[in-house]
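Structure record follows, encoded as structure tokens.
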Amino acid sequence: MSMPPNDAKARRAVPPVICYPVETLPRPNLALYREARATAEKVDEVVVDPRDAASFTVKAGQFFRISSIEGPQVGDLNLFNANDLSERFYSGKTRALHRTHITTGDRMWSCHPYLRPMATIIEDTLNWYGMDEFGGSVHDVIGTRCDPYTNNLLSGGQYHYCCHSNLTRALADYADLPLDEAERAVHDVLNVFMCTGFTRDTGQYFMKASPVRPGDYLEMFAEIDVLGVLSACPGGDCSTVHSSDQAACYPLLVEVFAPAKGALGDWTSPPVNGYDRSHGR
């Protein structure tokens, strides 16, 4: 380690500046969404098997709920524009605009050049958890997804039920894509129910037992037509290991709800980002 300079204390004491002040960020109308949700009717449901993934579609203006149903289980969620797979969830920008772990009122944003809300969280039964003494919290956008490449790098093994592979298979099946094409579309996830953070001493990404229990759920309002692909992680509640068959794993339930006609008033789906894409040329 290098020797600290004489003014090291002063350098560390410089106060932080928020990168993206969000006072002008369009805010969701949670009251409207919740009012529409109160009379919405279920139109579809999908059960995601343990150590596997499944796809589901939600029309703009509908709601979807991800629930724990049999035991503590985390999930890795990819979102796409259901009509254009090139528009997909952007975890990094979501993290920068909101926080490391998202909850009620936060949104899942799409990638460039679209950069618009894809879905808004309207209910989170785990929002009581907050930030624990280790710096851990729930529903992170800081991790990636467990994958067979990292597993091979660290263990030399060939494990095929990492979330990355689960998502790849499910997307390939839904969109009738070759595996290699589907794999290129799989992206960094929202880690639903997963409890994670960074160690205070070494800055390493950690996981710990998720506080999720059967009956807990995360519910969202679809701002655009979305295709969701959800993996029930092979780590179960991520209390010990992932990328293996050792952990106890359970299914996840996805339910889709459609509001009554007119319940959303004059709400309209957000347009793509208004930047002219000239990039200075």
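Source: prediction; values computed, not measured. Basis for what follows: all heavy atoms, side chains included, without hydrogens, waters or symmetry-related copies.
Arg88 places no side-chain N or O within 3.5 Å of a backbone atom of Cys111 that could act as its donor or acceptor partner. Listed for the Arg51 side chain is a donor-acceptor partner under 3.5 Å among the backbone atoms of Asp245. Side chain of Thr168 to main chain of His164: a donor-acceptor pair is present (N/O by atom type, distance under 3.5 Å, no hydrogens or angles). Checking side-chain atoms of Gln62 against main-chain N and O of Lys59 turns up a donor-acceptor pair under 3.5 Å. A donor-acceptor contact shorter than 3.5 Å links the side chain of Arg95 to the backbone of Val141. Proximity of a side-chain donor or acceptor of Asn152 to a complementary backbone N or O of Gly157 within less than 3.5 Å is detected. A distance-only check finds a donor-acceptor pair linking the side chain of Asn29 to the backbone of Leu32 [under 3.5 Å]. With Ser67 contributing its side chain and Gly215 its backbone, the two residues share no donor-acceptor pair below 3.5 Å. In this structure a side-chain-to-backbone donor-acceptor pair under 3.5 Å is present from Arg116 to Pro270.
Taking both residues in full, the closest heavy atoms of Asn273 and Pro113 are given as CB-O, 3.8 Å, listed atom of the first, atom of the second, then distance. Listed here is the closest heavy atom pair of Gly75 and Leu252: CA-CD1, 3.8 Å. Residues Gly280 and Tyr275 share a closest heavy-atom pair of N-OH, 4.3 Å. The two residues Val43 and Ala258 make their nearest non-hydrogen contact at CG1-CB, 3.7 Å. The shortest non-hydrogen separation linking Asp188 to Asn78 is O-ND2, 3.8 Å. Closest non-hydrogen pair, Ser91 versus Val189, comes out as CB-O, 4.1 Å.
Note that OH of Tyr217 and OG1 of Thr125 are 6.5 Å apart. Values are rounded to the nearest 0.5 Å. A distance of 9.5 Å separates OG1 in Thr94 from CG in Leu79, rounded to the nearest 0.5 Å. Taking SG of Cys162 as the reference point, atom CG of Asn151 lies at 5.0 Å (rounded to 0.5 Å). Here the CG atom belonging to Leu171 is positioned 6.0 Å from the CG atom belonging to Leu85, to the nearest 0.5 angstrom. Considering CE of Met207 and CG of Asp140, their distance stands at 12.0 Å, rounded to 0.5 Å. Note that CD of Gln73 is 12.0 Å distant from CD1 of Ile66, once rounded to the nearest 0.5 Å.
Take Asp52 and apply the salt bridge (Lys or Arg N to Asp or Glu O under 4.0 Å) test, not counting sequence neighbours, and it matches Arg169. The side-chain contact (heavy atoms from CB on, under 4.5 Å) test applied to Pro271 returns no partner, not counting sequence neighbours. For His139, the ring-ring contact (aromatic ring centres under 6.0 Å, His included) partners two or more places apart in sequence, or in a different chain, are Phe193. Every residue was checked against the ring-ring contact (aromatic ring centres under 6.0 Å, His included) condition with Tyr20, not counting sequence neighbours, and none meets it. Here His160 pairs with nothing under the ring-ring contact (aromatic ring centres under 6.0 Å, His included) rule; sequence neighbours left out. Applying the ring-ring contact (aromatic ring centres under 6.0 Å, His included) test to Phe56 and every residue at least two apart in sequence or in another chain returns Phe64. In this structure, the side-chain contact (heavy atoms from CB on, under 4.5 Å) partners of Pro211, at least two apart in sequence or on a different chain, are Leu126, Trp128, Tyr129, Val138, Cys195.
In this structure the side chain of Thr240 never reaches within 4.5 angstrom of the side chain of Gln246, judged on heavy atoms. Using a 4.5 Å cut-off on side-chain heavy atoms (C-beta onward), Ile122 and Thr104 make no contact. At a threshold of 4.5 Å between non-hydrogen side-chain atoms, the residues Ile102 and Ile121 count as touching. Using a 4.5 Å heavy-atom cutoff, the side chains of Arg213 and Pro72 are in contact. Within the 4.5 Å cutoff, side-chain heavy atoms of Leu115 are placed close to those of His112.
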Donor-acceptor pairs are to be reported for all side-chain atoms of residues 219-238 against protein atoms at under 3.5 Å, with residues two or more places apart or in another chain.
unit_1 : atom_1 : unit_2 : atom_2 : d
Glu219 : OE1    : Arg65  : NE     : 2.6
Glu219 : OE1    : Arg65  : NH2    : 3.1
Glu219 : OE2    : Arg37  : NE     : 2.5
Glu223 : OE1    : Tyr33  : OH     : 3.3
Glu223 : OE2    : Tyr33  : OH     : 2.8
Glu223 : OE2    : Arg107 : NH2    : 3.0
Glu223 : OE2    : Thr120 : OG1    : 2.6
Asp225 : OD1    : Ala60  : N      : 2.8
Asp225 : OD2    : Asn83  : ND2    : 3.1
Ser231 : OG     : Asn166 : ND2    : 3.0
Asp237 : OD1    : Ser239 : N      : 3.0
Asp237 : OD1    : Ser239 : OG     : 2.8

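Grouped with Val272 in one hydrophobic cluster are Tyr114, the linkage being side-chain heavy-atom contacts under 4.5 Å among Ile, Leu, Val, Met, Phe, Trp and Tyr residues. Membership of the apolar cluster around Val47 extends to Ile69, Leu253, as traced through chained side-chain contacts below 4.5 Å between ILVMFWY residues. Taking Ile, Leu, Val, Met, Phe, Trp and Tyr as members and joining any whose side-chain heavy atoms lie under 4.5 Å apart, directly or through other members, the hydrophobic cluster of Phe206 also contains Phe134.
Within the structure, ring pair (Phe, Tyr, Trp, His ring centres under 6.0 Å) pairs that include any residue of residues 166-187 comprise Phe80-His187 (at least two apart or interchain).
For the residue pair Asp124/Thr103, the side-chain donor-acceptor check at 3.5 Å is satisfied.
Around the CG atom of Asp176, the shell of radius 6.0 Å holds no more than 12 heavy atoms that belong to other residues, nucleotides or ligands. More than 12 non-hydrogen atoms from other residues, nucleotides or ligands lie less than 6.0 angstrom from CG of Leu154. Around the CG atom of Asp276, the shell of radius 6.0 Å holds more than 12 heavy atoms that belong to other residues, nucleotides or ligands. For Arg27, the CZ atom counts as loosely surrounded, since its 6.0 Å shell holds 12 or fewer non-hydrogen atoms of other residues, nucleotides or ligands. The number of heavy atoms from other shown groups lying within 6.0 Å of CD (Glu35) does not exceed 12.
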Test side-chain contact (heavy atoms from CB on, under 4.5 Å) on Thr196 and Asn191; report intermediate values, then the result.
CA-CA 9 Å; Thr196 61; Asn191 282 309; 5.5 Å; no
